[in-house]
Amino acid sequence: MIALRQVTFARAGRPLVVDASVQIHPGWKVGVVGANGCGKSSLFALLANELHAEAGDVDIPASWHIARVAQETPALPDAAIDFVLDGDTELRRIERELVEAEAKGDGEAIGHLHARYGEIGGYSAKARVAEVLHGLGFSDADFQRPVADFSGGWRVRLNLARALSCRADLLLLDEPTNHLDLDAVFWLESWLKNTPATLLLISHDRDFLDAVVGQIIAIDLQRLNLTTGGYSDYERARAARLATQQASYEAQQREIAHLTRFVERFKAKATKARQAQSRVKMLERMEIVAAAHVDSPFHFSFRQPAALPDPLLVVENASAGYGERKILDRIGMVLRPGCRIGLLGRNGAGKSTLIKLLAGAVAQQGGERKEAKALNIGYFAQHQLEQLRPDESPLQHMNRLEPLTPEQELRDYLGGFDFRGDMATRAIEPFSGGEKTRLALALLIRTKPNLLLLDEPTNHLDLEMREALTFAMQDFEGGMVFVSHDRHLLRTCADELLLVADGKVTEFDGDLDDYAAWLAAQRSAEKAPEPDVAAEKAERLNQRAEAKANRQAVLAQRRPLLKEIEQLERKLAKWNEEKAVLDAQFADPDFYTSVDRAKSEEMHKQAGLLGEQIEEAELRWLEVHEALEQLPQPD
């Protein structure tokens with residue numbers, strides 16, 4: 001069990017959590033929520049012993065192995081599967097010690113190491129890692145690729161695979177769904193629900209939290225508050241608590257007003273002076289209830305487009321790809337104002353390629369493309385943050401976009417994205433991923449697009465910003481096509497779902513639950529072998545079974561002979577040793593003067609008997625060896 005007792009921790013001298021106590025039981029799956037900067041990641045650092053508490057005690061079982069997803073991955077030459085396996089330090093240590101023991105011929109050590117290797121699942125480790133890599137979107141061909149060959153987003157997936165595969169007792173996951181697409185999110189959700197490890201999960205995906213966790217730890221006002229249930233349960237409990245708090249606040253304010261009026265009316269009257277003084281003391285002793293405050297720091301909406309032509313964009317019989325590799329073929333789409341299209345499809349199916357095709361970021365191969373004259377595309381790419389200038393501030397980015405707009409108007413606009421005060425004039429290089437994403441969205445929205453093309457716009461955004469973006473997208477009057485692994489965003493903003501699969505784009509007749517079932521069916525079909533393959537596999541299994549049976553039969557014939565040889569060799573060693581002692585005594589001249597005649601005869605008789613036994617045993621040893629050599633050797 002993890003126990004925090006009256007714990008206080010801080011960053012850079014700023015207290016984040018003060019005098020907090022909470023218990024987390026083995027096997028619990030706990031979501032950690034709270035505003036940006038409240039201390040969620042610092043709590044993880046505290047549990048991982050990377051941050052020390054200012055006060056209080058943090059108790060974690062000493063034997064527990066803790067796993068976190070590394071933030072950086074160097075450009076290593078190691079194969080991807082080896083990099084993931086390296087995360088299991090005990091497995092790798094045993095493999096090294098086995099090599100050393102085998103080199104020394106240390107049979108006892110080899111036996112112990114193989115036993116422990118089996119206990120930790122070492123013989124099936126590669127299969128388990130392969131399952132994790134497949135689930136996160138890697139192909140078989142990727143397993144042997146060097147880590148250095150992968151892009152930053154795919155290295156994040158490798159780090160996640162490494163954390164999931166290391167048999168941790170405590171798993172600390174901070175935004176694991178960033179850089180994942182929806183099929184990988186579905187797989188990860190299933191994996192986390194089934195892992196026996198204790199899990200602490202920071203996520204801004206409410207559907208993901210609801211599906212995985214059974215408890216929520218909320219960091220609010222420097223306190224840790226533990227509630228039972230998923231994120232939706234927590235939100236309902238929080239709303240009820242805030243409603244109760246607000247009702248208490250309003251009731252108290254009415255009481256304060258009543259007492260204050262009484263004091264003001266009667267404090268000058270002698271007959272009421274004592275009662276007025278009593279009311280004053282009541283006011284002084286009263287513990288003031290704070291007003292409930294739930295306002296989000298984000299307030300924005302898409303600006304009214306200058307024009308809304310109908311249709312905005314038409315593509316007919318279009319194809320797209322990279323070089324000679326065609327990804328999409330014969331695509332036809334008509335995008336009109338008010339259309340809200342969510343794209344579904346497996347990793348690598350071409351969702352991002354379709355967005356790029358519509359945005360004109362990749363060349364259309366064949367077919368027709370008809371753009372309205374007033375078309376104004378707002379395109380948010382997965383790598384949009386790379387287009388920002390790290391040495392410039394949010395205000396400088398806005399000035400570059402609108403050099404003639406008054407500074408105060410730009411500051412007011414940036415405030416809706418929580419860039420206030422010095423934040424608006426500070427260089428963005430040290431900004432978090434969420435802050436940079438907010439700025440990229442602010443710049444895009446400012447251009448008054450009438451067609452939004454969004455590729456994973458919620459990466460790095462917290463729950464409040466996602467909610468603000470959801471409301472803004474719902475109110476947007478133009479056309480919209482977007483890809484997102486955030487199911488809440490898809491459910492609330494998409495009126496139409498299109499499936500990208502097998503190079504085609506087709507209407508998906510169903511909801512996200514149906515899509516999850518479709519994905520499961522696809523994976524099952526991939527795992528099910530073809531009939532010929534199944535027959536070959538069955539034949540191989542039969543051959544292995546037959547070979548095993550033959551080997552067992554040979555071993556059964558050889559085993560008694562080997563056992564008899566071992567017994568004969570033990571007897572021969574003992575008898576030869578006894579006879580050698582007697583022969584040495586007989587060779588001593590003093591023997592015959594120190595031993596009487598009867599004793600000497602008995603010893604000579606014993607020596608003769610030993611000689612006969614040795615001769616018979618040696619003859620039998622030769623016979624057994626000849627019989628053993630005539631038997632087949634085991635495979």
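Everything quoted here is computed from the prediction, not taken from an experiment.
The CG atom of Leu51 lies 13.5 Å from the CZ atom of Phe44; values are rounded to the nearest 0.5 Å. Atom NZ in Lys571 sits 14.0 Å away from atom CG in Asn576 (nearest 0.5 Å). Atom CD of Glu626 is separated from atom CG of Leu561 by 12.0 Å, given to the nearest 0.5 angstrom. Remark: Ser21 OG to Leu4 CG distance equals 7.5 Å, nearest 0.5 Å. Distance check, rounded to the nearest 0.5 Å: OG of Ser484 to CG of Asp205 gives 8.0 Å. Distance check: Leu519 CG to Trp187 CH2 gives 14.0 Å after rounding to the nearest 0.5 Å.
For the pair Arg487 and Phe208, the cation-pi test (distance below 6.0 Å, angle within 45°) is failed. Both tests pass for Arg145 against the ring of Phe150: distance under 6.0 Å to the centre and angle within 45° of the axis.
The closest side-chain heavy-atom distance from Ile120 to Arg167 is below 4.5 Å. Residues Leu170 and Leu172 form a side-chain contact, since some pair of their non-hydrogen atoms from C-beta on lies under 4.5 Å apart. Put simply, the side chain of Leu171 does not reach to within 4.5 Å of the side chain of Leu200, judged on heavy atoms. In this structure the side chain of Arg157 never reaches within 4.5 angstrom of the side chain of Arg155, judged on heavy atoms. In this structure, Trp154 and Asp149 have side chains that are not in contact, with every pair of non-hydrogen atoms separated by 4.5 Å or more.
With hydrogens and angles disregarded, no donor-acceptor distance shorter than 3.5 Å links the side chain of Lys40 to the backbone of Val32. Without hydrogens or angle criteria, Arg223 side chain to Val18 main chain gives a donor-acceptor distance under 3.5 Å. Proximity of a side-chain donor or acceptor of Arg346 to a complementary backbone N or O of Ala501 within less than 3.5 Å is not detected. With Asn159 contributing its side chain and Ala70 its backbone, the two residues share a donor-acceptor pair below 3.5 Å. Without hydrogens or angle criteria, Asp59 side chain to Ala3 main chain gives no donor-acceptor distance under 3.5 Å. Panel note: side chain Ser124, backbone Gly121; a donor-acceptor pair is recorded below 3.5 Å.
Using a 4.0 Å cut-off between a side-chain N of Lys or Arg and a carboxylate O of Asp or Glu, Arg96 and Glu100 do not qualify as a salt bridge. Salt bridge Asp88/Arg93: absent, no basic N to carboxylate O contact under 4.0 Å. For Glu623 and Arg620, the salt-bridge test passes: some basic side-chain N is under 4.0 Å from an acidic carboxylate O. Between Glu566 and Lys563 there is no salt bridge, since no side-chain N of the basic residue sits under 4.0 Å from a carboxylate O of the acidic one. Salt bridge status for Asp57 with Arg5: absent, with no side-chain N to carboxylate O gap under 4.0 Å. Under 4.0 Å is where a charged nitrogen must lie from a carboxylate oxygen, and between Arg116 and Glu97 no such pair does.
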Inset, instruction - Please lay out, stage by stage, how Lys574 and Glu577 fare under the test salt bridge (Lys or Arg N to Asp or Glu O under 4.0 Å). - result: CA-CA 5 Å; Lys574 179 184 176 185; Glu577 184 179 349; over 6 Å; no
Inset, instruction - Take Ile24 and Met1, measure what side-chain contact (heavy atoms from CB on, under 4.5 Å) needs, and give me the verdict at the end. - result: CA-CA 6 Å; Ile24 300 170; Met1 181 177 72; 5.9 Å; no
Inset, instruction - For Tyr117 and His112, run side-chain hydrogen bond (donor to acceptor under 3.5 Å, both in side chains): C-alpha distance rounded to whole Å, both residues' side-chain angles, the deciding distance at 0.1 Å, then the answer. - result: CA-CA 9 Å; Tyr117 198 66; His112 287 308; over 6 Å; no
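Using modelled atom types, one finds a donor on one side chain and an acceptor on the other under 3.5 Å when comparing Ser232 with Asp210. A donor-acceptor contact closer than 3.5 angstrom is absent between the side chains of Tyr231 and His204. Between the side chains of Thr8 and Asp19, not a single donor N or O lies within less than 3.5 Å of an accepting N or O.
Across every non-hydrogen atom of Ser42 and Leu16, the tightest pair is OG-CD1, 3.3 Å. In plain terms, the two heavy atoms of Ala168 and Ala197 that are nearest each other are O-CB, 3.3 Å. Taking every heavy atom of both residues into account, Asp181 and His485 meet most closely at C-CB, 4.0 Å. Ile110 approaches Leu98 most closely through the heavy-atom pair O-CD2, 4.0 Å. In terms of heavy atoms, Asp183 sits closest to Arg523 at O-NH2, 2.9 Å. The two residues Leu572 and Glu618 come nearest to each other via the heavy atoms CD2-CG, 3.8 Å.
Enclosure of atom CG in Leu562 by more than 12 non-hydrogen atoms of other residues, nucleotides or ligands within 6.0 angstrom is indicated. Atom CG of Asp502 sits in a sparse spot, with 12 or fewer heavy atoms from other residues, nucleotides or ligands closer than 6.0 Å. Around atom CD of Glu50, more than 12 heavy atoms belonging to other residues, nucleotides or ligands sit under 6.0 Å away. Summarising the local packing, CD of Gln6 is surrounded by 12 or fewer heavy atoms from other residues, nucleotides or ligands at distances under 6.0 Å. Remark: Arg570 CZ is packed, more than 12 non-hydrogen atoms of other residues, nucleotides or ligands lying under 6.0 Å away.
Using a 30° and 60° split on the angle between ring planes, Tyr515 and Trp518 fall in the parallel class, below 30°. Classification of the His134-Phe143 ring pair by plane angle, with boundaries at 30° and 60°, yields tilted.
Screening Leu180, Asn178, Leu173 for a side chain to side chain contact (heavy atoms under 4.5 Å, CB included) involving Pro176 leaves a single residue, Leu173.
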